[in-house]
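In what follows, a structure is listed as structure tokens, so that the remarks can point back to it.
Order of the sequence lines sets the chain letters (A, B, ...), proteins ahead of strands, with each chain counted from 1. Remember, it's a predicted structure, so these values are computed and weren't measured experimentally.
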Amino acid sequence: MGHPFGFISTDVYARFRRTKGDNVLRDGLRQLRAARRAVRGAHRRPPRTTTEDNIAIMRRQLRRIGLGHDARRSVATTDVEFYRWTQWIFTRIFRSWFDPDAGVARPISELTAEFESGERATPDGRAWSELAEGERRSIIDDHRLVYSAEMPVNWCPGLGTVLANEEVTADGRSDIGNYPVFRRNMRQWVMRITSYADRLLDDLDLLDWPEPIKVMQRNWIGRSTGAEVRFATEAGDVEVFTTRPDTLFGATFMVLAPEHPMVDALVPDAWPVDTPERWTMATASGTAASSPGEAVDAYRSAAAAKSDRERQEDRQKSGVFIGATATNPVNGEQVPVFIADYVLMGYGTGAIMAVPCGDQRDFEFAREYGLAITAIQQPPAAWYAERDLEPTLDTSAWPEAFVGEGAYVGSDNTSGGPSGGIDLNGEHSIAEAVELINAWLESVGRGEAAITYRLRDWLFSRQRYWGEPFPIVWDEHGPRSLPDSELPVELPEVDDYSPQAHDPDDAASNPVPPLGRVDEWVNVEVDLGDGPQTYRRELNVMPQWAGSCWYELRYLDPTNADAFVDPDVEAYWMGPRQGGDGEASTVGGVDLYVGGVEHAVLHLLYARFWHKVLFDLGLVSSPEPFHRLINQGYIQAYAFTDARGQYVEASEVTEADGEFFFDGQPVNREYGKMGKSLKNMVTPDDMYDAYGADTFRLYELSGGPLEASRPWATRDVVGMQRFLQRLWRNLIDEDTGEPTVVDEPADDETRRLVARTVVGVGDDLDALRANTAIAKLIELNNHLTKAAAPVAREVAEPLVQLLGIVAPHVGEELWAKLGHDTSVVWAPFPTVDENLLVDDTIELPVQVNGKLRGTITVAADADQATVTAAALAVDNVAAHLDGAEPRKVIVVPGRMVNVVA
RNA sequence: GCGGACGUGGCGGAAUUGGUAGACGCGCCAGGUUUAGGACCUGGUACCCGAAAAGGUGUGUGGGUUCGAUUCCCACCGUCCGCACCA
């Protein structure tokens, strides 16, 4: 923003040309496009027609262009070259693996070499040379950054495709279309974004992004540090993840997710003796099950019948005992094992050790099922006091679990416990205690420190037609990537583009990729190094996010046929910068990205991931794609409902005395996003027709800060139209169309105002405050209007230049009428005489005890004594002192005077 | 429940490091111009009291720091957004 390059769009222009028809403008735009092309290659061919300064300004401004995510679509869906390079990048990801030791992605070829040389052991320890082709392929495929795997996915029958976690709403429906989504096991393509979880999290600190977006990404990645602990059972070890291994002595039961794979192996044929009846009931109101197997089945089907929404609303803890016990590794105690839906298979290991004294959820579950609650920390006195409680370690008196720092009790197994023993008792911080217990767990082989993420790998395949086909073919051992010479893989011509949608509620339906219907496309003969053979193509396509993961790079070098982007071009625009030229140093990436908050954990996360892979592979020079991010606000609009609660056409509602009427009937005013459903849409087309594109643009920019959402008010648009008309009339004779500008010098006051405006508008645009920049232009124009005299050229030219930034069409036309035959864009930003910014005399407010009582006019360089004397001489000041001597006079040079009585 | 953002005229919003609160626009009021309306031009417009000058009050509420607070600190109220049994 801050420059026509950032605003102009060809369809806005086309509309303008249609309504106004002005050749000058068309030429101006042609030159502007040429300028854009020239500057794009400026590092190679500096435009000779401009000065050094001009280039520097252009460069600075061009770096600020906001790239719209949605703009990608026009390229991605029409330009097969864009498909080619998306597929090319995909093959680089396919041919890479993440080396956890180095923390970076590396080529698969290096991994293969390590296996071949024996430097890296195979999973089952056999030599690489002993492995069959299929076994080798399978091992390698398991390491790839993008892999095909059978896994639980979000299947959306209504859309006929699977969806990424990020595309599913909190209540388990599709982000698009709001159809039900079901968890199903299917073979799909997945990107190993979890490998980058740490870097995606830590590198947020390098970015100049709005804090809410960073918070959303941090939460989405959800890093938790703690430990994995193994509890022995009859069916083998059950691994749990916990952030509080220090509370292990308080673990009095264990809970598995209902779908945990070890449940079936653990379930015995009959209930152990003395099993409480409540433990055997799948629901609080239900009946006792006669066997653990029956109880598990009953609970699972009861849980499955609950929608995600019901599960969220019903926070009552439920679960069922599965008849088995596990051994707490610190004290050897047999703890009962439950399944409960408050433990999620998708997080950690899908199993928890329950510490009811220190975790509210476990506490509630323990109370519900009458399980032991053993205190292992002494809560501080304040904790008891807040709960009106006498300090006690008898947890039956506790209203809730204690979470926090407190001295450890009952956490000692050094006498009679397993070998070595550990004693946590006494004063430790949680961090210390965690460290101690982790070391002990490791020493006895029952666990170790661990980190878990909420982030899942990214489901990357879709059963649609529109999308980049995978550059992948299949043979009997698995997937193989096509050589670059086979790219792009183009979509086949088909009669029917639509994915096969199913009954939205039919969870058992299966996806049918549209590409699978085209047999002659599916089977392809190609030479992958073993001579020409027939392979089957991958039938899925990439999600819409694939192209937007890297399109900003293609914008740098859109016609390059040899590379997705020339490395020099990439380094020039996106590389890390040391600062200088008034700019801050950055890690690189797009200087300014303007986009909506809705992309927080979708596009903005995916693109960072791809970019980091490209960075690791040496294909880009910055570790982050978007250095600075601004979330523009939404334009919202009033909507109106009639007596029946139906929305009525907002544009036909009239206002009278603060009441609103539609068709003579009173209606209710509401407020929300513009859209069809609220019948409150205002299209840019309507605004162009009624007011023109520049007026519309000015209105949008002037109403408030870029980041703020605010209501649309068609009524207010006219203000900007008046401004443009007044400005036009100040410079142009309406009858002749000729400029009325004169070559005489302007008066001193006007010159000073122009100087202040030039500097002020420049500062405002640097800070992305178009609203105040426009206000300053209006002020200058109002000054000229009031003067009611022909405007001096030295005033008109900078005014038109500044106007051209926010109103390019009118600005360009006025610039031409002022006699220029090149675009206003090419004129260097106006310079000002510094002397005009400094006034000889200044007006200072005079306060008495902080309240304004008058003003004085003094020389700008007046000394403190002079200013004080002038202030005390003001009648009203003297009156408020009431004859008394001031106790103190505070003079802030150039700003104000405060007399303390 | 947790996390984040934000509360300023009738409305959208200014006030960049604490220093004349309300720039600019809409709306409204008065006047000019006009056959009339619209458009245009001029002046006014935070609230209270006043003919005016002067005065009082005022940036969600209540405290605090300061010569001085929309701005900094504490507590509370409210609105919006995100996450939500994450072990």
Glycosidic class, syn or anti, of B:rG12 using a 90° window around 0:
anti

Indicate the atoms forming the closest heavy-atom contact of A:Val255 with A:Ala354, along with that distance.
CG2-CB, 4.3 Å

Rounded to the nearest angstrom, tell me the gap between atom CG in A:Leu344 and atom C1' in B:rA84.
11 Å

Rounded to whole Å, how long is the line connecting atom OH of A:Tyr347 with atom C1' of B:rA84?
13 Å

So what does A:Thr785 touch, heavy atoms closer than 4.0 Å: a base, only the sugar-phosphate, or nothing?
sugar-phosphate

Looking at A:Asn782, A:Thr740, A:Asn781, which hits side-chain hydrogen bond (donor to acceptor under 3.5 Å, both in side chains) with A:Asn730?
A:Asn781

What is the separation between atom CE on A:Met216 and atom P on B:rA84, rounded to the nearest whole Å?
12 Å

Any chance the side chains of A:Asp362 and A:Tyr342 put a donor and an acceptor closer than 3.5 Å?
yes

Working to the nearest 0.5 angstrom, can you tell me the gap between A:Leu602 CG and A:Trp458 CH2?
9.5 Å

Write down the distance between CZ (A:Arg230) and P (B:rA87), rounded to a whole number of angstrom.
20 Å

Taking OP1 and OP2 of B:rC86, is either one under 4.0 Å from a side-chain nitrogen or oxygen of A:Thr243?
no

Every protein N/O lying under 3.5 Å from an N/O of nucleotides 56-60 of chain B:
| from | atom 1 | to | atom 2 | distance (Å) |
| --- | --- | --- | --- | --- |
| B:rG56 | OP1 | A:Arg853 | NH2 | 3.4 |
| B:rG56 | OP2 | A:Arg853 | NH1 | 3.0 |

Have a look at A:Arg726 and say if it touches a base, only the backbone sugar-phosphate, or nothing, with a 4.0 Å heavy-atom cut-off.
sugar-phosphate

Tell me whether the OP1 or OP2 atom of B:rC83 has a side-chain N or O from A:Arg454 closer than 4.0 Å.
no

State whether A:Arg218 places a side-chain N or O below 4.0 Å from either non-bridging phosphate oxygen (OP1 or OP2) of B:rG82.
no

Are A:Lys317 and A:Glu368 within salt-bridge range, i.e. N to O under 4.0 Å?
no

Per-nucleotide protein contact string for nucleotides 11-24 of chain B (B base, S sugar-phosphate only, - none; heavy atom under 4.0 Å)
-SSS-B--BB--BS

Using the closest heavy atom to pick a nucleotide of RNA chain B for each, name whichever of A:Gly719 or A:Phe241 lands nearer the 5' end.
A:Gly719

A:Ile352 side chain, from C-beta outward: closest of B:rC83, B:rC67, B:rA87
B:rA87

To the nearest 0.5 Å, tell me how far A:Asn328 CG sits from A:Met254 CE.
8.5 Å

Counting only side-chain nitrogens and oxygens, does A:Asn876 get under 4.0 Å of the OP1 or OP2 atom of B:rG55?
yes

As a check on the pairing definition, encode RNA chain B in dot-bracket form, counting Watson-Crick and G-U wobble pairs whose two distances are under 3.5 Å, and using | for partners outside this strand.
(((((((..(((......[....)))((((((.......))))))(((......)))..(((((..]....))))))))))))....

A:Gln360 CD to B:rC2 P: how many Å, rounded?
12 Å

